[in-house]
Undergrad: 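One structure, as structure tokens, below. Some questions next.
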Amino acid sequence: MDEFEEELRQAFERVPAPPSLKRNLMAERARRRNGKILHFPLQWQRLAASVALAAVLTGGATWGGLAWRQREERRKGEAARDQVMLALRLTSHALDHMNRQLAEHGREQQ
Amino acid sequence: MTHDWQPDFEQLVEEHQSMVFSLALRMTGDRGLAEEIAQDVFMEMDRHLGKLESAAHATFWLRRVAMNRSADALRRRRVRRVDLWVEIEEQHGLRAETAARPLGASMGARLEALLATLPEAQRAALVLRYQEDLTPEEIASTLAAPVATVKSHLQRGLKLLRARAASHLKEYVRERSSRDSRLMGGVSSDGRV
């Protein structure tokens with residue numbers, strides 16, 4: 001380190017902070033702490049309200065989802081039953097037709 | 001992670017207020033703004049008190065936040081175009097200011113005035129090097145910059161400061177000799193005015 005750098009080091013010694021800095025800091029900190037204490041119940045109320053709202057929304061969504069699923073299952077069940085009934089009607093119709101043909105064929109042979 | 005060190009806000013303020021204030025003052029050149037920055041830095045430290053792991057960590061954290069806040073303040077000042085006037089004053093008013101200083105004014109005060117004329121990055125590196133006595137590696141870590149960049153800022157800043165100091169010193173010597181000769185010229189050889 002040369003002479004100039006040594007001069008720089010001496011020139012750049014720390015400057016004492018104004019006394020008002022610490023005073024203002026401690027006052028501001030105390031003010032914020034008091035503010036926090038005053039706002040504490042309000043913050044809890046807000047938190048409780050948020051939790052309650054979240055619970056209501058979640059419950060509503062779950063109930064809605066379950067109801068929708070039940071409706072959907074019933075609709076699918078009815079559609080399946082209709083298809084089975086249709087298949088049975090078609091089979092019955094085909095059997096009737098075959099029966100009629102067999103009866104006609106028997107009469108012709110006699 | 002748990003740590004045994006229990007930070008005491010008031011003690012930390014007492015211990016580091018001069019460091020934080022000096023960093024902000026040398027970066028901004030404005031006492032009022034430096035006090036505001038120092039206040040912001042310590043209030044932020046209060047919010048992050050639980051995250052400080054040791055006394056060394058607190059010092060490092062304070063230096064880093066003080067430099068960041070000072071840079072932010074300079075940026076805001078530039079945006080407001082006030083910096084234009086500061087630059088004009090720095091470039092054209094410095095000569096008048098240094099000339100207006102009494103001849104007995106310390107070299108330190110002149111160096112401080114010259115520091116304000118350097119680019120921000122070089123100023124930051126020099127302040128951390130010569131005020132805080134940090135190594136280039138520590139400066140790089142504080143400023144979150146590559147070590148090579150910090151070394152370059154230190155070299156360039158020092159060179160610029162040395163050149164400006166030399167030119168001002170010459171001016172100072174010339175000024176003093178012209179004053180001396182004026183004084184001598186007004187006095188006759190037998191000492192009568």
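Every chain is numbered from 1 and lettered A, B, ... according to where its sequence line falls, protein lines coming before strand lines. As the structure is a prediction and not an experimental result, all values here were calculated from the model.
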Undergrad: For B:Leu158, is it the side chain, the backbone, both or neither that has a heavy atom under 4.5 Å from a heavy atom of chain A?
TA: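 Both the backbone and the side chain of B:Leu158 come within 4.5 Å of chain A.
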Undergrad: What I want to find out is whether B:Glu132 reaches A:Arg14 closely enough, with some N-O distance under 4.0 Å, to be called a salt bridge.
TA: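 The answer is yes: the pair qualifies as a salt bridge.
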Undergrad: Tell me whether A:Arg29 at atom CZ has more than 12 heavy atoms from other residues, nucleotides or ligands lying less than 6.0 Å away.
TA: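 Check passes, neighbour count above 12.
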Undergrad: When rounded to the nearest 0.5 angstrom, what is the spacing between CD in A:Glu13 and OH in B:Tyr130?
TA: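 A:Glu13 atom CD to B:Tyr130 atom OH measures 15.0 Å (nearest 0.5 Å).
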Undergrad: So with a 6.0 Å cut-off around CD of A:Glu28, is the heavy-atom count from everything else above 12?
TA: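 Count over threshold, so yes.
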Undergrad: For A:Glu7, which atoms come within 4.5 Å of any heavy atom of chain B: side chain, backbone, both, or neither?
TA: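 For A:Glu7, heavy atoms of backbone and side chain both lie under 4.5 Å from chain B.
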Undergrad: Supply the atom-to-atom distance B:Arg162 CZ to A:Leu8 CG, rounded to the nearest 0.5 angstrom.
TA: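 The distance works out to 8.0 Å.
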Undergrad: Against chain A, label B:Ala34 side chain, backbone, both or neither, depending on which of its atoms sit under 4.5 Å from a heavy atom there.
TA: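 Neither part; nothing is under 4.5 Å.
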Undergrad: Rounded to the nearest 0.5 Å, what's the gap from CD on B:Glu36 to CG on A:Leu21? Could you check?
TA: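 So the gap between those two atoms works out to 11.5 Å.
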Undergrad: Looking at CG of A:Leu25 and CD of B:Gln39, how far apart are the two atoms once the value is rounded to the nearest 0.5 Å?
TA: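 It comes to 5.0 Å.
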Undergrad: Which distance, rounded to the nearest 0.5 Å, do you find between the CD of A:Gln10 and the CG of B:Leu111?
TA: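 Rounded to the nearest 0.5 Å, the CD-CG separation comes out at 10.5 Å.
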Undergrad: If you round to the nearest 0.5 Å, how far is CZ of A:Phe4 from CG of B:Leu161?
TA: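 Answer rounded to 0.5 Å: 4.0 Å.
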Undergrad: Can you find a pair of side-chain heavy atoms, one from A:Arg9 and one from B:Gln131, that are under 4.5 Å apart?
TA: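 When only atoms from C-beta onward are counted, B:Gln131 and A:Arg9 do not touch, as no gap falls below 4.5 Å.
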Undergrad: Can you tell which of B:Arg26, B:Met19, B:Gln17 has the highest number of heavy-atom pairs within less than 4.5 Å of chain A?
TA: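 Most heavy-atom pairs under 4.5 Å with chain A: B:Arg26.
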Undergrad: Is the closest side-chain heavy-atom distance between A:Lys22 and B:Phe42 below 4.5 Å?
TA: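 Side chain of A:Lys22 against side chain of B:Phe42, heavy atoms only: no contact under 4.5 Å found.
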